[in-house]
Each structure stands twice: as structure tokens, then as C-alpha cells.
*Asks:* 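Got a structure for you, written out below as C-alpha cells; questions coming shortly.
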Number of protein chains: 2
Amino acid sequence: MSLATDAADKPTLYKRIRADIEKRILTGEWPPGHRIPFEHELVARYGCSRMTVNKALSELAQADLIERRRRAGSFVRRPQHQSAVLKIADIRAEITALGRGYGYELISRKLRAATAADRERLGVKKAGKVVSIACRHSADNVPFAVEDRLIDLASVPNAATADFSREPPGSWLLHHVPWTEAEHTISAIVADDRTAEALDIAVGAPCLVIDRYTWRSARTITAVRLLYPGDSHRLVARFKGG
Amino acid sequence: MSLATDAADKPTLYKRIRADIEKRILTGEWPPGHRIPFEHELVARYGCSRMTVNKALSELAQADLIERRRRAGSFVRRPQHQSAVLKIADIRAEITALGRGYGYELISRKLRAATAADRERLGVKKAGKVVSIACRHSADNVPFAVEDRLIDLASVPNAATADFSREPPGSWLLHHVPWTEAEHTISAIVADDRTAEALDIAVGAPCLVIDRYTWRSARTITAVRLLYPGDSHRLVARFKGG
DNA sequence: TACGATTATATGTCTAGACATATAAGTCAA
DNA sequence: TTGACTTATATGTCTAGACATATAATCGTA
């Protein structure tokens with residue numbers, strides 16, 4: 001029988017079933033489109049109840065490894081190369097995680113009625129007030145990134161009185177705004193005069209640009225543009241698991 | 001009772017429980033760290049069995065929205081701003097999705113014993129054979145990206161005989177290699193002479209660089225570097241759900 | 001042959017229990 | 001006060017059933 005052949009750390013049964021199937025998919029033994037055994041077959045093979053194999057298969061389905069179709073069975077999905085998880089850390093956390101000294105400097109902070117450009121950038125229609133912030137992050141006193149941010153006060157009223165001279169707006173928002181969705185756009189530019197000076201790099205040096213729009217259930221919260229020296233900063237995105 | 005008050009499309013009970021909790025987290029009513037009701041409390045509230053609420057909570061845990069701790073309860077996790085889903089499409093699919101004409105051109109293909117540099121790039125120790133490919137993708141006859149790829153023949157032996165003069169190696173691999181993991185590193189550079197010529201842009205223009213390493217259960221499959229004109233190409237990463 | 005109705009079946013959801021297990025919290029002794 | 005021991009409890013896993021439901025396959029009819 002297949003019980004307890006390698007039960008060194010004794011994983012639970014449904015996890016073993018899940019791992020067994022995952023392995024066959026990973027090795028290519030069961031290629032995309034392959035129909036994996038029916039629940040009742042797995043029940044027979046593992047000698048357990050249907051709920052147990054159902055739990056294993058449900059998790060595989062939730063992780064997009066298999067697709068389940070009523071009456072037809074469960075099928076291996078084709079790999080989705082295009083989907084990767086990108087970890088864009090809070091800058092302060094990122095720098096301290098690297099064991100380097102974090103520095104922050106507020107360059108400007110303005111409270112104003114939203115201009116047409118502001119409204120377009122935030123994707124809102126109604127007029128309202130915004131806070132515009134420019135600041136700089138540094139690691140061991142070397143410029144790390146410059147930030148240009150707009151906060152919609154209609155969504156985050158107490159940002160009007162927050163003290164951004166000490167706390168970076170990203171960290172402040174992280175701790176004061178509950179749950180958010182965000183969209184990041186990544187591109188590359190070359191440094192103009194102002195950027196080059198702020199980042200202490202040469203004019204014409206490559207910069208990585210992250211534009212991030214954050215909202216909560218259709219309410220825009222903030223729009224931010226981050227500029228990093230392109231030759232020293234890298235973003236890592238990992239596909240599926242790990 | 002709470003049954004069927006808005007059962008327009010009649011979602012199942014466990015899904016309704018999950019949605020209810022998700023909503024409270026999203027709105028901030030239950031902030032990060034908040035302990036959500038115990039299973040037995042939800043059982044009482046919804047008048048169902050524990051397995052049903054357990055299924056709802058398990059899925060929320062699998063989606064990283066909550067954290068479950070034995071004896072302590074289940075807690076709302078803090079939003080992970082840094083985690084975003086980046087969709088890096090197959091280039092051909094991306095271009096055709098834009099409604100533009102896809103063009104592909106093989107620049108060079110070499111089969112050789114892995115050099116020390118190849119081995120380092122692939123992250124393998126043993127000597128073996130590799131295929132080195134350079135090619136160019138274009139949209140409506142305008143250069144879209146240049147690709148520089150290395151395939152480990154120890155992992156993908158039939159890549160030795162694949163015809164990459166017609167089919168891009170990315171598409172070929174997608175259809176011939178079962179399931180993979182990948183890591184993407186995104187950075188910015190300025191175009192050197194060779195890159196500028198290949199992409200038909202000016203020397204010194206910004207380029208977005210994607211380095212992708214693909215493997216399957218610790219076996220390296222391929223390493224690829226993609227160079228895009230930085231001012232025209234953008235990567236979009238969306239955070240959590242949607 | 002084409003189409004509509006029927007049937008068989010695999011998954012979807014749910015129950016009312018059970019025992020296992022990690023651990024927060026309380027208890028007691030050094 | 002501190003550390004070791006005990007206990008209570010919430011989650012983790014599992015069972016042996018049940019009925020619901022979507023749909024592939026079959027059958028019958030035009």
C-alpha cells in the first residue's frame with residue numbers, strides 16, 4: 001500500500017494527496033489538459049472519505065493548478081507564464097531589510113484644490129482638495145529613490161494634518177488607510193536635470209519608474225511616482241509559490 | 001434569520017460567509033490584527049455546521065487575508081502593499097492582443113557546450129550543452145523587443161532540434177515544457193550601440209530590462225533577457241484581486 | 001442528419017458528529 | 001519573579017453519509 005512510506009514528518013493525508021498530484025503535474029507526468037483521477041478513484045486509492053480528496057482538489061483548483069468541471073472531471077491547467085508575483089516593498093522596510101540606514105527627507109508639501117491635472121492623475125471627476133508631496137528616500141545617505149505623490153483628501157481627510165516631515169507618506173498611509181487595491185506601472189526613463197540632481201546621478205542615466213495608483217472600493221486614495229536609479233535598483237517578481 | 005435576504009443569485013452559504021468577512025476587512029471595519037469571530041460563534045450566527053465556516057475561513061487563509069492561530073483564533077492580516085500580481089504575457093500574445101501585427105526574426109542560434117558564463121547565468125554547476133538564441137519581436141514592423149536566451153539542453157533536450165527560425169523560443173517552451181516556476185528581475189538601462197540598432201532607437205535611450213529565470217523543481221530550464229524601449233513599453237502589476 | 005429530451009455521473013455543498021494537536025492561560029513550586 | 005507543569009480551547013483534520021446541480025452522453029424523434 002501507499003501508506004506511510006516516507007512519513008518522516010507525518011503530513012496530513014489531504015496534504016499528501018495534494019502534494020502527490022502537484023508532483024505529477026510538475027514533472028510533466030500529467031501534462032496540461034490531462035484528466036486527473038476522479039474523486040471516487042482517489043478515495044479508493046487512498047482509502048479515505050471523499051471530503052478528504054475533495055479538500056485536496058479544491059486547494060489545487062484555488063491555486064489554479066487544476067480546473068474542475070462538473071460531470072467531466074478535473075484537468076491540469078496549462079502553465080500561466082505571464083502571471084508573476086511582484087513584491088514591491090515599502091521603501092523604508094526594503095532599505096532596513098538590506099541592513100542599511102534609512103534616511104528620509106521631505107522636499108515639499110502643498111495642500112491645494114485639485115487642478116485639472118491632479119484630477120486626471122487621480123482619476124477622479126469631482127473637484128476637491130489634494131496634498132502634493134515630494135520627498136526623497138536614501139540608504140546610508142545615498143539617494144535611493146525620489147517620490148512624487150498626490151493624496152486625495154476626499155478619501156483620506158486626516159492626511160491634511162499628518163506630519164510628513166518625519167514619516168514618509170507611504171508608511172503613514174500604510175498605517176492609516178485600511179485595505180487597498182493598487183495598480184503599478186513600471187517603465188524606464190532617462191534622468192533629466194532635476195531627477196539627476198535629486199538622485200545624485202548623471203543626467204541621461206537610466207531610471208526605473210514605478211507609478212502606483214491606490215484605491216479602496218472605487219475610491220482613489222493616492223497616486224505616486226517613484227524614481228530609482230536604474231542601474232542599481234532591481235525589482236524581483238517570482239512566479240507561483242515561494 | 002439571516003437566510004435568503006438578498007438571495008437573488010443564491011450564492012452558497014460558505015461563499016456568503018467568506019464574502020461577509022472579506023467585506024468587513026476591505027472596509028476597514030475589521031482592521032489588521034483584529035480577531036474575527038471564532039468558528040463556533042460563526043456557526044451560531046449562520047446556523048450551520050462548523051465544516052462550513054471552516055471552509056470559508058480556510059479559503060481566506062489560503063488567500064492570505066487572514067491568519068489562523070490555534071487556540072488563539074483567526075486574525076486579519078495587514079495589507080501587503082508590496083505584493084502585486086504582474087502579468088508578463090508571452091510577447092506574441094501581447095502584441096496580437098493589442099491588435100497589432102506580430103513579427104518575429106531569429107538573429108542567431110548557437111548550440112554549444114556550456115561555458116563558465118553560461119553555467120553561471122543558468123545557475124547550474126555541471127557542464128552540459130546549451131542553446132543560445134538571439135531574436136527580435138516586432139509589432140506592425142516596428143521593433144518591440146529583443147531577446148537573448150539560453151536554454152539548458154540537460155532539462156529540455158528536444159530544444160536542440162526545435163526550429164526557432166519560425167516559432168519564438170518563448171512560445172515553443174510554453175508548449176513543450178510542462179510546468180514551471182520563474183523569477184523576473186526588472187531593471188533599466190540605456191541603449192548601447194548594438195541594442196539601439198536592434199530596437200531602432202537612439203543610443204542612450206532608456207530601456208526596460210526583464211531578466212527571467214525559469215526552472216522546474218530545481219532544474220533550470222532557461223534564462224532570458226528581454227529589452228524593451230523604455231519610453232513605449234510599460235509593465236502593469238495589479239495588487240490583489242481584480 | 002440534426003435537434004431536443006432524458007439520463008447518468010462527477011463535482012459542489014453541507015451535516016453532525018469525532019479525535020488530534022498546538023498553544024494561550026492559568027497553577028504551583030522553587 | 002521565574003520556570004515548569006497542567007488545563008482549557010480553537011483550530012486542523014477526518015468520516016460516512018446526504019442532496020443539489022451542471023453537463024456529457026445517450027436516446028429518440030423530426
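Bear in mind that the values here come from a model prediction, so they are computed numbers and not experimental data. To find a chain, count down the sequence lines: A is the first, B the second, and so on, and within it residues start at 1.
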*Asks:* Can you tell me how far apart CD1 (B:Ile25) and CD (B:Glu22) are? Round to the nearest 0.5 Å.
*Replies:*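 B:Ile25 atom CD1 to B:Glu22 atom CD measures 7.0 Å (nearest 0.5 Å).
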*Asks:* Could you list all N or O pairs between the protein and nucleotides 4-10 of chain C that sit under 3.5 Å apart?
*Replies:*
{"residue": "C:dA8", "atom": "N3", "partner": "A:Arg71", "partner atom": "NH1", "Å": "2.7"}

*Asks:* Tell me, please, which residues at least two apart from B:Tyr102 pass side-chain hydrogen bond (donor to acceptor under 3.5 Å, both in side chains).
*Replies:*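 side-chain hydrogen bond (donor to acceptor under 3.5 Å, both in side chains) list for B:Tyr102, sorted by chain: B:His137.
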*Asks:* With A:Arg50, which residues qualify under side-chain hydrogen bond (donor to acceptor under 3.5 Å, both in side chains), at least two apart?
*Replies:*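 So A:Arg50 forms a side-chain hydrogen bond (donor to acceptor under 3.5 Å, both in side chains) with A:Glu39.
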*Asks:* Check nucleotides 16-19 of chain D for protein N or O atoms closer than 3.5 Å to its own N or O atoms and list the pairs.
*Replies:*
{"residue": "D:dA18", "atom": "N6", "partner": "A:Arg50", "partner atom": "NH2", "Å": "3.3"}

*Asks:* Would you check if there is a donor-acceptor pair between the side chains of B:Ser74 and B:Arg68 at a distance under 3.5 Å?
*Replies:*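 Yes.
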*Asks:* Separation of A:Glu59 atom CD from C:dG12 atom C1', in whole Å?
*Replies:*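 Interatomic distance, CD of A:Glu59 to C1' of C:dG12: 16 Å.
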*Asks:* Mind calculating the distance between CZ (A:Arg18) and C1' (D:dG12) to the nearest angstrom?
*Replies:*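 Atom CZ in A:Arg18 sits about 13 Å away from atom C1' in D:dG12.
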*Asks:* If we ignore angles and hydrogens, is there a donor and acceptor under 3.5 Å between the side chains of A:Tyr104 and A:Glu167?
*Replies:*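 There is no such pair between these side chains.
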*Asks:* Starting from C1' on C:dA24, measure out to CZ on B:Phe75 and report it in whole angstrom.
*Replies:*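 For the pair B:Phe75 CZ and C:dA24 C1', the rounded distance is 10 Å.
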*Asks:* Do the side chains of A:Arg234 and A:Glu94 get close enough for a salt bridge, i.e. N-O under 4.0 angstrom?
*Replies:*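 Salt bridge between A:Arg234 and A:Glu94, a charged N being under 4.0 Å from a carboxylate O: no.
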*Asks:* What's the CD-C1' distance between B:Glu67 and D:dT11, to the nearest Å?
*Replies:*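 So the two atoms are 13 Å apart, to the nearest Å.
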*Asks:* Output yes when A:Arg225 and A:Asp211 qualify as a salt bridge under the 4.0 Å nitrogen-oxygen rule, no when they do not.
*Replies:*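 Yes.
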*Asks:* Which whole-number value in Å describes the distance from B:Leu42 CG to C:dC14 P?
*Replies:*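 About 14 Å, once rounded to whole Å.
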*Asks:* Side-chain N or O of B:Thr52 less than 4.0 angstrom from OP1 or OP2 on C:dT15?
*Replies:*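 Checking C:dT15 against B:Thr52, a side-chain N or O does come within under 4.0 Å of OP1 or OP2.
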*Asks:* Quick one: side-chain hydrogen bond (donor to acceptor under 3.5 Å, both in side chains) partners of A:Ser155, sequence neighbours excluded?
*Replies:*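 Partners of A:Ser155 under the side-chain hydrogen bond (donor to acceptor under 3.5 Å, both in side chains) test: A:Arg219.
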*Asks:* Return the set of residues passing side-chain hydrogen bond (donor to acceptor under 3.5 Å, both in side chains) with A:Thr161 (not counting sequence neighbours), or none when no residue passes.
*Replies:*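 By the side-chain hydrogen bond (donor to acceptor under 3.5 Å, both in side chains) rule, A:Thr161 matches no residue at all.
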*Asks:* Could you give the CZ-to-C1' distance, from A:Arg16 to D:dC14, as a whole number of Å?
*Replies:*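 Value for this atom pair: 14 Å.
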*Asks:* Would you say B:Lys55 places a side-chain N or O within less than 4.0 Å of OP1 or OP2 belonging to C:dG12?
*Replies:*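 False: B:Lys55 side-chain N/O out of range (4.0 Å or more) of C:dG12 OP1/OP2.
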